[in-house]
J.: 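Below you will find the structure I want to go over with you.
Just so it is clear, the values below take in all heavy atoms, side chains as well, and ignore hydrogens, waters and symmetry mates. Index from 1, following the sequence. We count ligands from 1, going down the list as the structure has it; atoms in each ligand are counted the same way.
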Amino acid sequence: MTKSANTSPHEDRNADSSVSSIELEQQVFGDDPTQVRDTDHYTREYVGGFVDKWDDLIDWKKRSEGEGRFFIDQLKSRGVHSVLDAATGTGFHSARLVEEGFDTVSADGSPQMLAQAFSNGLAYGGHILRVVNADWRWLNRDVHGEFDAIICLGNSFTHLFSEHDRRKALAEFYAMLKHDGVLIIDQRNYDAVLDEGSGSNRTYYYCGDQVSAEPDHVDEGLARYKYTFPDGSEFFLNMYPLRKKYLRGLMRDVGFQKIDTFGDFQQTYTESEPDYFIHVAEKS
Ligand code: SAM
């Protein structure tokens, strides 16, 4: 499964089109799952079975109560009208944004996630989401126009495994924002996970009651989490454990001028306490 390190991104994309029908339904990590440290692999992780269960994992009602109006208020206080949800997933934030009257485009690199998002949009309030299948690394090619805001939430940015890919994705986000636009990215508090050891089992802040999410393997280059569902089925995600200071530095390097980082939606926190950090980065 792991592609060779010297494969070019364009070759990677072509390789992805050869995903077999089994791989569209089941996760395949190969003989040594902890060696799968590859940005392109996310399309093989968010596959049929896992996508069907994703909404049990995130529990929309509980999540909605947990985050309250945090993101809506961040956007409204900046006079935002147009929003690109770059990591739509099954559409939780996109549906919420449409409901609040934002002009919303919903992008994701996983067609299965987008299909689920579209039907969720209809089911939750009859919203027709404008979905676009796009990888962040080539966002400007596939999504057109400029936005007041881009959101990339639900610990999605963690799927990028190389610094090159992270810089490329941030540069694409930057380029798609208006001159005074804002980027909101959240991330698990990996500093705490890494520094407290791989046994740490911090709450997944949007986890449904019936689903357990725990670290299966953690080192400086990989956070592999296992998700267990009530029917006994297990799925995994291989992610890159972003350190907070590192991600803030990358955003600054790409050109964002002001970055506020919240811990579990609060402005003041001790570093190890929050489960999630939320970076609100302004372009000017
Ligand atoms: N934002 C949603 C939420 O909070 O429920 C989804 C979060 S899910 C953890 C991560 C999403 O990011 C998946 O839908 C995945 O397909 C998408 N994703 C990961 N890497 C991507 C990339 N390079 N380009 C576009 N989408 C990507």
J.: May I ask you to identify, for Thr43, whether its side chain, its backbone, both or neither come under 4.0 Å of ligand 1 on a heavy-atom basis?
T.: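 Contact part for Thr43 vs ligand 1: neither.
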J.: Check each atom of ligand 1 against the heavy atoms of Gly109 and keep those under 4.0 Å away; list them by number with element.
T.: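 Answer, ordered by atom number: 25 (C), 26 (N).
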J.: Pull out every atom of ligand 1 sitting under 4.0 Å from any heavy atom of Leu153, numbered as shown with elements.
T.: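 Under 4.0 Å from Leu153, ligand 1 has these atoms: 1 (N), 2 (C), 4 (O), 7 (C).
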J.: Between Arg141 and Asp135, does at least one N-O distance fall below 4.0 Å, as a salt bridge requires?
T.: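 No, no charged N to carboxylate O under 4.0 Å.
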J.: Less than 4.0 Å is my threshold; does some heavy atom of Ala107 fall inside it relative to ligand 1?
T.: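 No, that is not the case, since the closest heavy atom of the residue is not under 4.0 Å from the ligand.
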J.: As an exercise, identify every atom of ligand 1 less than 4.0 angstrom from a heavy atom of Ala87.
T.: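 That gives atoms 1 (N), 2 (C), 6 (C), 12 (O) of ligand 1.
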J.: Of the backbone atoms (N, CA, C, O) and the side-chain heavy atoms from C-beta on, which set of Arg63 has a member under 4.0 Å from an atom of ligand 1: side chain, backbone, both, or neither?
T.: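 Within the 4.0 Å criterion, Arg63 contacts ligand 1 through side-chain atoms alone.
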J.: Between Arg130 and Asp85, does any side-chain N to carboxylate O distance fall below 4.0 Å?
T.: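 Looking at Arg130 and Asp85, the cut-off is not met.
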J.: Run the salt-bridge test on Glu146 and Lys178 with the 4.0 Å N-O cut-off and return the result as yes or no.
T.: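 No, Glu146 and Lys178 are not salt-bridged.
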J.: Under 4.0 Å from ligand 1, counting heavy atoms only, is it the side chain of Ala134, its backbone, both or neither?
T.: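 For Ala134, the contact with ligand 1 is made by the backbone alone.
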J.: Using non-hydrogen atoms of the residue, decide whether Phe157 is closer than 4.0 angstrom to ligand 1.
T.: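 Phe157: no contact with ligand 1 (<4.0 Å).
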J.: Find the distance between NE2 (His127) and OG (Ser106) and round it off to the nearest 0.5 Å.
T.: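 Here the rounded value is 11.0 Å.
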J.: Closer than 4.0 angstrom, basic N to acidic O: yes or no for Asp195 and Arg243?
T.: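 Yes, Asp195 and Arg243 are salt-bridged.
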J.: Please state whether Leu237 comes within less than 4.0 angstrom of ligand 1, counting heavy atoms only.
T.: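 Contact absent.
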J.: Between Gln27 and His41, does any side-chain donor sit less than 3.5 Å from a side-chain acceptor?
T.: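 Not at all, the side chains of Gln27 and His41 share no donor-acceptor pair under 3.5 Å.
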J.: Run the numbers for me: atoms of ligand 1, each under 4.0 Å from some heavy atom of Ser110, listed by number.
T.: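 Listed by number with element: 16 (O).
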J.: Just by distance, with hydrogens left out, do Tyr190 and Asn155 show a side-chain donor and acceptor under 3.5 Å apart?
T.: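 Yes.
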J.: If the cut-off is 4.0 Å to any non-hydrogen atom of Met113, which atoms of ligand 1 fall inside it?
T.: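 Checking each atom against Met113, I get 14 (O).
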J.: What I want to know is whether Asp108 and ligand 1 share at least one N or O pair that is separated by under 3.5 angstrom.
T.: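 Min N/O separation from ligand 1 is below 3.5 Å for Asp108.
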J.: Would you check if there is a donor-acceptor pair between the side chains of Asp108 and Ser110 at a distance under 3.5 Å?
T.: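 Short answer, no.
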J.: When you check the side-chain N and O atoms of Asp180 and Ser284, is any donor under 3.5 Å from an acceptor?
T.: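 No, because no side-chain N or O of Asp180 sits under 3.5 Å from a partner of the opposite role on Ser284.
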J.: Any carboxylate oxygen within less than 4.0 angstrom of a Lys/Arg side-chain nitrogen, looking at Asp253 and Arg166?
T.: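 No salt bridge links Asp253 with Arg166.
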J.: Distance under 4.0 Å to a non-hydrogen atom of Gly154: what atoms of ligand 1 satisfy this?
T.: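 Going through ligand 1 atom by atom, the ones under 4.0 Å from Gly154 are 4 (O), 7 (C), 9 (C).
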J.: Could you check which of Ser156, Pro111, Gly91 puts a non-hydrogen atom nearest to atom 10 (C) of ligand 1?
T.: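 It is Ser156 that holds the nearest heavy atom.
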J.: Please confirm whether Trp136 comes within less than 3.5 Å of ligand 1 when only nitrogen or oxygen atoms on both sides are compared.
T.: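 In this structure, Trp136 places an N or O atom under 3.5 Å from an N or O of ligand 1.
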J.: Tell me every residue that passes side-chain hydrogen bond (donor to acceptor under 3.5 Å, both in side chains) with Arg248, counting only those two or more places apart in sequence or in another chain.
T.: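 side-chain hydrogen bond (donor to acceptor under 3.5 Å, both in side chains) check on Arg248 returns Thr261.
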J.: Compute the minimum heavy-atom distance from Tyr46 to ligand 1 and say whether it is under 4.0 Å.
T.: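 Under 4.0 Å: yes for Tyr46.
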J.: His41: heavy atom below 4.0 Å from ligand 1, yes or no?
T.: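 In this structure, His41 fails to qualify as a contact of ligand 1 - no heavy atom is under 4.0 Å.
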